Amino acid sequence: MNDEDMFKKQLEKFKTHHNIEKKIEEYEDLKEKLALKTSILDIYADPILLHDIKGNFVYINETACKFLGYTKNQLMKLNLHDLNVTEFSKLDFQINNIIKKKELRFQFAHFKKNKTLVPVEIHSKLIELGNEKLILSIIHDITELKKTEKNLRWNINLIHSVAENSPLAFYVVNNKTDSILYINHNFCKLWNIESLEKEISNGKIKNKEVILKILPQIEDKEFFMKTCTPLQDEENRSILEDEVSLTDGRVVRRFSTQIRDKKDRYFGRLFICEDISERKKIENSIKDREEHLSLITDNMLDLIYQANNKGIFEYVSPSIKELLGYEAKDIIGKRDFEFISMVHPDDFELLIDTLQAAIKTLKPKRVQHRFRHADGHYIWVETVGNPMSNDKGEFSGAVYITRDITELKNVENQLKSSLEEKEVLLREIHHRVKNNMQIISSLLNLQSRYLNDEKTVNVLNESRNRVRSMAMVHEELYRSHDLSKIDFADYIQRLLSGLFSSYGVDDNFIKPEINVKDVLLNIDIAVPCGLIINELVSNSLKHAFIHGQKGNISIKFHPKGEKYELIVADDGIGIPENIDFENTKSLGLQLVNTLAKQLSGNIDIYRDTGTIFKIVF
């Protein structure tokens, strides 16, 4: 169906429903006019609708068809109300407004064929043809505009929320009219004018009135008035930043900048205020502390200096003059290698290694070395390097403390010399004690040669072995690098060798087994332990193996927690059951009991296979 056929059909509809046959000629004239413009209207960018006041369509351009998603035939069969089911009441209201006002621009919502709702702006105009009234509407899709409005509204709400919840206090004033354009709650709270907040926000109070309310709280009232009111040279005063002292002791920082319109014309000023009282207290406290620390560091005898991560000295205490003869100003700004070059050549490598270890581990390190004084001589100092790190744990510099230890070194050398003398003397004492005991052992040996009583000879030999075990302790101490302790494993080896020789025992028949960890014992433990081993091994050699019986004698000695464990065992015939170890008449076993008590130890005896003595002390 072409436009002419459609138009004829509409005329028939009007004849049927409105009884307007007499106006066919007028519609024929309208048809001709519309036909001339149809081609133009169909390609018009916006949808165009022509309908009567009841919503029956007379004309719809192609753009409208595409916009709503219908064909022209489909739309011509529909009523305007069919396109706006949910907006029906609003549609009737707007049609009545158009009839009343003749022309109207309003925003509305149209349903497309796919049921999507499209926001539009409609420009409608009433057309009267005789007694008939038609409405011509041009529709503009405002979907993007609505999105922009929504975003803008969200941004405005966001800005307002930020402004009201900001810890800063601020307001905007129009300096031309002296009116307040915006003021947030924190500003009223800061200046104790909360009772006026509503009147200020409603524009009932001018800027000057607000300033006068604030003025009694200000220390320097004249300056405050001068910076808050419009000035002759306001155009040239772009930024204002200052601090204002209040009568109640608070300090307020103010920041102000010009506000210009879209044409870059100055019209007002933004004031931002912040209570910095606590910050000022902290700043003053830090300043006082810095002055106090400077007073301390500047008057310390120790040299304190700081270098950044590039090794450039940023601070050197004045004590460098007293310590090394240099001026602090001559060192500040120099690289650390220039300062380190003053170290004695023999100490240079040690110092570098220590400082590098401190930087690598980020832990303090100390080192003793010699520094060259300005007059050329070297002095002994101790330097402690304290590395610093940033938030990422990276090396950011170091603080060094250097102290004169010349006197300490002199005392140390004296003590070292005295210690060497005492060490020589102590070695000589151990050597003489060992020699004296060897003399006693030799005398006992000589005495035994003049005796015919075998029992007496055996007693003298046992005594000689006991003396020799003690002499060997002093010999070990004399030979040891540490004069206070002996290598107990080496001692036991030599002790058993002497006992086997003394009793004429072939170690191919009775084999000694020594299981002793590397243990260093002092003389108070070594002597009683040596005597216990001497008595128990002697007892095994004399009584455990009869008629040429072969066997083993073992000695085990090792730490057990905070104590020691000594085990002397043999696989001989064993101690008879009728012998009470703790109440024995044997001098050797009595001596073992006494020595064990001296060591605060406990003795356990096992007779299952041979004899095992276990002593824990």
Side-chain angles (χ1 to χ4, degrees), residues 426 429-430 433-434 436-437 440 462-496 498-499 512-544 553-570 574-617:
L426 192 56
I429 289 172
H430 283 302
V433 170
K434 185 263 296 184
N436 289 337
M437 286 187 171
I440 294 173
E462 289 174 359
S463 298
R464 182 165 59 88
N465 288 336
R466 292 175 185 132
V467 171
R468 189 172 65 233
S469 73
M470 291 187 288
M472 286 175 61
V473 172
H474 289 279
E475 184 178 5
E476 288 288 335
L477 288 172
Y478 170 75
R479 294 166 53 195
S480 174
H481 294 294
D482 185 350
L483 289 173
S484 63
K485 296 180 180 180
I486 67 170
D487 184 343
F488 200 57
D490 182 61
Y491 168 74
I492 292 176
Q493 186 72 44
R494 296 179 63 216
L495 178 62
L496 259 65
L499 287 172
E513 296 177 358
I514 300 174
N515 183 2
V516 181
K517 291 188 177 180
D518 293 334
V519 178
L520 297 177
L521 296 181
N522 60 41
I523 191 171
D524 294 330
I525 296 177
V527 169
C529 279
L531 287 172
I532 289 173
I533 294 170
N534 179 83
E535 296 303 323
L536 294 177
V537 171
S538 296
N539 196 55
S540 294
L541 292 173
K542 289 190 297 179
H543 306 295
I553 297 177
S554 67
I555 298 176
K556 297 179 181 179
F557 186 86
H558 55 271
K560 188 175 184 179
E562 295 181 356
K563 296 184 176 183
Y564 292 104
E565 182 180 71
L566 171 63
I567 298 176
V568 179
D570 65 61
I575 296 179
E577 293 289 341
N578 61 348
I579 295 179
D580 183 0
F581 175 74
E582 293 182 353
N583 298 299
T584 181
K585 294 181 180 180
S586 168
L587 177 62
L589 293 180
Q590 289 179 5
L591 185 60
V592 170
N593 274 314
T594 301
L595 292 172
K597 291 178 181 178
Q598 182 180 325
L599 293 171
S600 300
N602 296 318
I603 302 177
D604 292 315
I605 302 176
Y606 303 94
R607 297 181 171 91
D608 297 338
T609 54
T611 304
I612 300 174
F613 285 88
K614 182 178 179 181
I615 304 173
V616 179
F617 61 93

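Throughout, numbering of the chain's residues begins at 1 and tracks the sequence. Note that the structure is a prediction, hence the values are computed from the model and not measured.
With values rounded to the nearest 0.5 angstrom, Ile567 atom CD1 is found 11.5 Å from Ile555 atom CD1. The distance from atom OG1 of Thr609 to atom CG of Asp570, rounded to the nearest 0.5 Å, is 9.0 Å. With rounding to the nearest 0.5 angstrom, the OG atom of Ser554 is 7.5 Å from the CD1 atom of Ile612.
Note: Tyr564 and Phe557 have parallel aromatic rings, judged against thresholds of 30 and 60 degrees for the angle between ring planes.
Comment: Glu565 engages Lys614 in a salt bridge, judged by a side-chain N to carboxylate O separation of less than 4.0 angstrom.
Within the 4.5 Å cutoff, the side chain of Asn539 has no heavy atoms near those of the Val592 side chain. Val519 has its side chain out of reach of His558: every pair of non-hydrogen atoms, C-beta onward, lies at least 4.5 Å apart. The side-chain heavy atoms of Ile533 and Leu566, taken from C-beta on, include a pair separated by under 4.5 Å.
Residue Thr611 comes nearest to Gly574 through the heavy atom pair OG1-CA, 3.1 Å, listed as atom of the first residue, atom of the second, then distance. The shortest heavy-atom contact between Cys529 and Leu599 is SG-CD1, 3.9 Å. Pairing each heavy atom of Val616 with each of Lys563, the nearest pair is CG1-CD, 4.1 Å. Gly601 and Phe617 get closest at one heavy-atom pair: CA-CB, 3.6 Å. Shortest non-hydrogen contact noted between Ile553 and Ser540 is CD1-CB, 3.8 Å. Among all heavy-atom pairs drawn from Leu595 and Pro528, the shortest one is CD1-O, 3.7 Å.
Looking only at distances, a side-chain donor or acceptor of Asn522 sits under 3.5 Å from a matching main-chain atom of Ile525.
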